[in-house]
Amino acid sequence: MSTSNYFSSGAQPKRKNIFISYRVKDTSAEAGRLADSLKQHFYEDQIFMDIDKIEPGIDFTKAISKSLECCDVMLAIIGNNWTGKKADGSYRIKDPNDWVRLEIATALERNIRVVPLLVEGADLPSAETLPEELHPLLHRQAYEVSNKRWKYDTENIAAFLEKSIGIPRRNTQAHIAKPASSSIGNFVKWGLAGLGALFVILVIVYAIQDANNNKTTPVDPTETKQHITNSNTNNPVNNNNPPPTNTTNMSNANIDGIWDDAN
């Protein structure tokens, strides 16, 4: 959301906001990257950084003052050419009409939290290169943002903005770093759930197979009656005199393997 649209619409912010201050010819790339990183955590309309896009004819001193009225923290991005050193040895930061100077001076005057963010390996400038109204900036704790650990550094900045400034996150579940144990725990949890589901499936399959094996074919009553009729004889069985068994007289066996006929 550009500053010009903000002022023309007359909208009033409903949440705490962040003001990103930077010098276009020094750290415009880092400022855009920082804004994109912060938009992963906060609402887009909470971040202001488009003062350089003020429409022609608008008093930029009033525009800066108006935008700072609704901001709770200023992130001042400082690179190696933040002071705007010129070929003649003078510094743009000492120009009373310099936008960067006006932004930071206004924030300091209103007791807005100003956080110097050092990029490109830059250091805080010396007091000799700054106008007197910006000297309090040198007493503010700076935070270094490295390209090598950009994600880690910007997530720490987001955590600071949430906890110390009270700026609510867009996603309340977001946090600095997700513990590795959480991923492992989720893996174990889903693994156990999968094993449990597999066990239930195996039990169901086994029960179905067991039920199929225990099924008996219905017997036709007519076949049963016929079987009983065919097996019924008129000769009663005398249990006291069982029928003789056919036994072989081993005494008549020839040891040479030839059997004699019975006498």
Side-chain angles (χ1 to χ4, degrees), residues 1-35 38-39 42-119 122 124-143 157 161 165 167:
M1 177 178 179
S2 66
T3 305
S4 57
N5 292 335
Y6 176 81
F7 294 127
S8 61
S9 64
Q12 295 298 325
K14 298 180 181 180
R15 293 178 291 266
K16 291 187 175 182
N17 298 296
I18 307 162
F19 191 106
I20 298 177
S21 173
Y22 67 100
R23 187 174 297 283
V24 174
K25 293 184 178 181
D26 179 40
T27 56
S28 58
E30 288 80 0
R33 189 179 179 188
L34 176 63
L38 293 179
K39 288 174 185 178
F42 307 104
Y43 293 94
E44 184 173 353
D45 61 359
Q46 292 177 271
I47 302 170
F48 297 85
M49 58 167 290
D50 292 336
I51 290 298
D52 60 306
K53 296 180 181 179
I54 296 175
E55 294 179 357
I58 294 180
D59 188 334
F60 63 86
T61 58
K62 293 182 179 180
I64 293 173
S65 177
K66 182 67 176 179
S67 61
L68 285 174
E69 286 179 0
C70 62
C71 290
D72 302 272
V73 62
M74 172 182 284
L75 303 178
I77 304 178
I78 298 177
N80 291 310
N81 192 33
W82 178 75
T83 56
K85 187 175 182 179
K86 301 178 183 179
D88 60 2
S90 61
Y91 298 94
R92 290 188 60 187
I93 198 70
K94 288 188 175 182
D95 184 347
N97 294 322
D98 180 57
W99 288 8
V100 175
R101 173 178 175 172
L102 288 171
E103 289 172 354
I104 297 178
T106 303
L108 292 173
E109 182 182 358
R110 296 182 180 179
N111 292 322
I112 296 174
R113 178 82 71 95
V114 180
V115 182
L117 298 182
L118 306 178
V119 299
L124 283 173
S126 62
E128 292 75 15
T129 61
L130 297 179
E132 185 176 355
E133 60 186 350
L134 296 188
H135 284 181
L137 180 67
L138 302 179
H139 302 291
R140 303 297 175 98
Q141 180 65 39
Y143 185 82
I157 293 173
L161 293 173
I165 307 301
I167 300 177

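Below, all heavy atoms of this structure are taken into account, side chains as well, without hydrogens, waters or symmetry copies. Note that the numbering runs from 1 along the sequence shown for the chain. Since we're looking at a predicted model, the values are computed, not measured.
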_For residues 124-141, which residue pairs pass the salt bridge (charged side-chain N to carboxylate O under 4.0 Å, His left out) check, not counting sequence neighbours?_
R101-E133
_Looking at every heavy atom in both A105 and L134, which two are closest together, and how far apart are they?_
N-CD2, 3.7 Å
*Taking all atoms of both residues into account, what is the closest heavy-atom pair of R23 and W82, and its distance?*
NE-O, 2.6 Å
*Kindly say whether A63 contributes a backbone atom to a donor-acceptor pair with the side chain of S67 at under 3.5 angstrom?*
yes
*asked:* For K16, is there any backbone N or O sitting under 3.5 Å from a side-chain donor or acceptor partner on Q46?
replied: yes
*With no hydrogens and no angle check, is any side-chain donor or acceptor of N17 less than 3.5 Å from a backbone partner on I47?*
no
*Would you please test L38 and L161 for side-chain contact (heavy atoms from CB on, under 4.5 Å) and show each step?*
CA-CA 10 Å; L38 293 179; L161 293 173; 4.1 Å; yes
*Over all heavy atoms of both residues, which pair between P125 and T83 is shortest? Give the atoms and the distance, please.*
CB-CG2, 3.8 Å
_I112 versus C71, closest heavy-atom pair with distance_ = CD1-O, 3.9 Å
*asked:* Let me confirm one number: the CG-CG distance from L102 to L68, rounded to the nearest 0.5 Å.
replied: 10.0 Å
_Atom pair CG (D59) and NZ (K66), whose distance is rounded to the nearest 0.5 Å_ = 13.5 Å
*asked:* For D26, is there any backbone N or O sitting under 3.5 Å from a side-chain donor or acceptor partner on N81?
replied: no
*Over all heavy atoms of both residues, which pair between V100 and S21 is shortest? Give the atoms and the distance, please.*
CG1-OG, 4.3 Å
*After noting the C-alpha distance and the side-chain angles of T129 and I93, does the key distance pass the side-chain contact (heavy atoms from CB on, under 4.5 Å) rule?*
CA-CA 8 Å; T129 61; I93 198 70; 5.5 Å; no
_Rounded distance (nearest 0.5 Å) linking atom CG of L117 with atom CG of L34_ = 6.5 Å
*Inter-residue atom distance S28.OG - M49.CE, 0.5 Å rounding*: 8.5 Å
*Got a second to check how far I78's CD1 is from L137's CG, nearest 0.5 Å?*
5.0 Å
_Within a 6.0 Å radius of atom NZ on K94, are there more than 12 heavy atoms belonging to other residues, nucleotides or ligands?_
yes
*CD of E109: more than 12 outside heavy atoms within 6.0 angstrom?*
no
*Could you pull out the closest heavy-atom pair between L130 and H135, with the gap in Å?*
O-NE2, 3.5 Å
*Euclidean distance, L118 CG relative to Y143 OH, rounded to 0.5 Å*: 11.0 Å
*Audit row: I157, V115, side-chain contact (heavy atoms from CB on, under 4.5 Å) steps and yes/no*: CA-CA 10 Å; I157 293 173; V115 182; over 6 Å; no
